[in-house]
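Remarks on the structure that follows.
Indexing begins at 1, ligand by ligand and atom by atom, following the structure's order. The shown structure was predicted, so the numbers you read here are calculated from the model rather than taken from an experiment.
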Amino acid sequence: MKQKFSIAIHGGAGTILREKITKKTDKDYREGLHQSITAGIDILKAGGSALDACTAAVIVMEDSELFNAGKGSVFTNEGTNEMDASIMDGKSKECGAISCVKTVRNPILLAKLIMEKSNHVHLSGEGAEKFAEMHGLAFEDKDYFFTKRRWFQLQTVLAREKEIQETVTILDHDGDDGKHGTVGCVALDNDGNLAAATSSGGMTNKKFNRVGDTPVIGAGNYADNDSCAVSATGHGEYVMRLLTAYDVSAMMLYKNMSLKDSSANAIDKLSKLGGSGGIIAIDKNGTITMPMNTPGMYRASCTNTETEPNVKIFADE
Ligand code: GLY
């Protein structure tokens, strides 16, 4: 049987500006994206499931300091890390989600564990970590999650909040202000199954156990074999109000719109509400679209007809 697969990943959307990004940072991100999507492609080429491909691709980004998920997560107002993640199987509609976990090395593995081994969809905080411990998931101490760059972003935002006159700009060397980066993957496997996985450290300076769109099924992540799989990145408070990921699927099912039109429409709605971000989406035919309303989104895509993944950063690429 001829092999047919498609896969797309994102490593966050935002004010990613050509003039702010150094050659080295550009190269590092492109390499990180390449490594992530390759992990997913290898699984799909070997006949593995979309679910496993998405998990593998997200783990690579969670393990990299570059992206706001796992290691590299942004800091809360209290100087801690609180991570959110979710995963969904388009065939069974089973899904798992976690919010506000602090020391689980790979939040996406915990979301998958909840989907596969619990009677629940969403576990949060200490309860989620207890469940992870019961099932032998890897934990790291908080030093593992500390990165200078994310700490600097928090200090910059705190200084602004206190109205201290700062000469530094909120944008650091790569133009990422840490406001709302996220990582995600969507895939179609050889059996025609779709899946989506998304993981995030949330927003710099978030307070009061704030939860973003990433673990809210239908907001930051959704998969349905009858329509599409979607992973969102951007300002969670807006994505949650629009249920952006489910909205793309609903427009396809109820209005018979194409993946590209429904995805573009979802981003228009985000813009009209005042939110910023982007999505990656894939349909049951393997079509991929990656619209955004920001200057950039770290992203990559590949299908069985291509020999190399397409890796992109800026909106006009
Ligand atoms: N999109 C990530 C967040 O807002 O938490």
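For the side chain to side chain contact (heavy atoms under 4.5 Å, CB included) with Phe5, the qualifying choice from Ile43, Ile41, Asp191, Leu188 is Ile41, the only one to do so.
Under a 3.5 Å cut-off, the side chain of Asp213 and the backbone N or O of Ala219 do not form any donor-acceptor pair. With hydrogens and angles ignored, the 3.5 Å screen pairs a side-chain donor or acceptor of Ser36 with a backbone N or O of Ala57.
The ligand atoms of ligand 1 that sit less than 4.0 angstrom from a heavy atom of Ser200 are 2 (C). Annotation for ligand 1: atoms under 4.0 Å from non-hydrogen atoms of Asp213 are 1 (N), 2 (C), 3 (C), 4 (O), 5 (O). Under a 4.0 Å criterion applied to the non-hydrogen atoms of Gly234, ligand 1 contributes the atoms 1 (N), 2 (C), 3 (C), 4 (O). The atoms of ligand 1 that sit less than 4.0 Å from any heavy atom of Thr182 are 1 (N), 2 (C). Close contacts between ligand 1 and Gly212 involve ligand atoms 5 (O) [criterion: under 4.0 Å to a heavy atom].
With a 4.0 Å heavy-atom cut-off, ligand 1 is reached by no atom of Met240.
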With a cut-off of 3.5 Å and sequence neighbours excluded, list every side-chain donor-acceptor pair involving residues 136-146.
residue: Glu140; atom: OE2; partner: Arg105; partner atom: NH1; Å: 2.7
residue: Asp141; atom: OD1; partner: Asp143; partner atom: N; Å: 3.2
residue: Asp141; atom: OD1; partner: Tyr144; partner atom: N; Å: 3.4

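Taking Thr289 as the reference, nothing meets the side chain to side chain donor-acceptor pair (under 3.5 Å) condition, with sequence neighbours excluded.
By heavy-atom distance, the residue among Glu82, His235, Arg210 lying nearest atom 5 (O) of ligand 1 is Arg210.
Residue-to-ligand polar distances place Gly236 within reach of ligand 1: an N/O pair is separated by less than 3.5 Å.
Residues Asp226 and Lys284 are not paired through a salt bridge, judged by the lack of any N-O separation under 4.0 Å between the basic side chain and the carboxylate.
The closest approach between Gly220 and ligand 1 stays at or above 4.0 Å for every heavy atom of the residue.
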Could you go through Asn193 and Asp89, starting from their C-alpha distance and side-chain angles, then the distance that decides it, and tell me whether this counts as side-chain hydrogen bond (donor to acceptor under 3.5 Å, both in side chains)?
CA-CA 8 Å; Asn193 293 317; Asp89 177 0; 6.0 Å; no
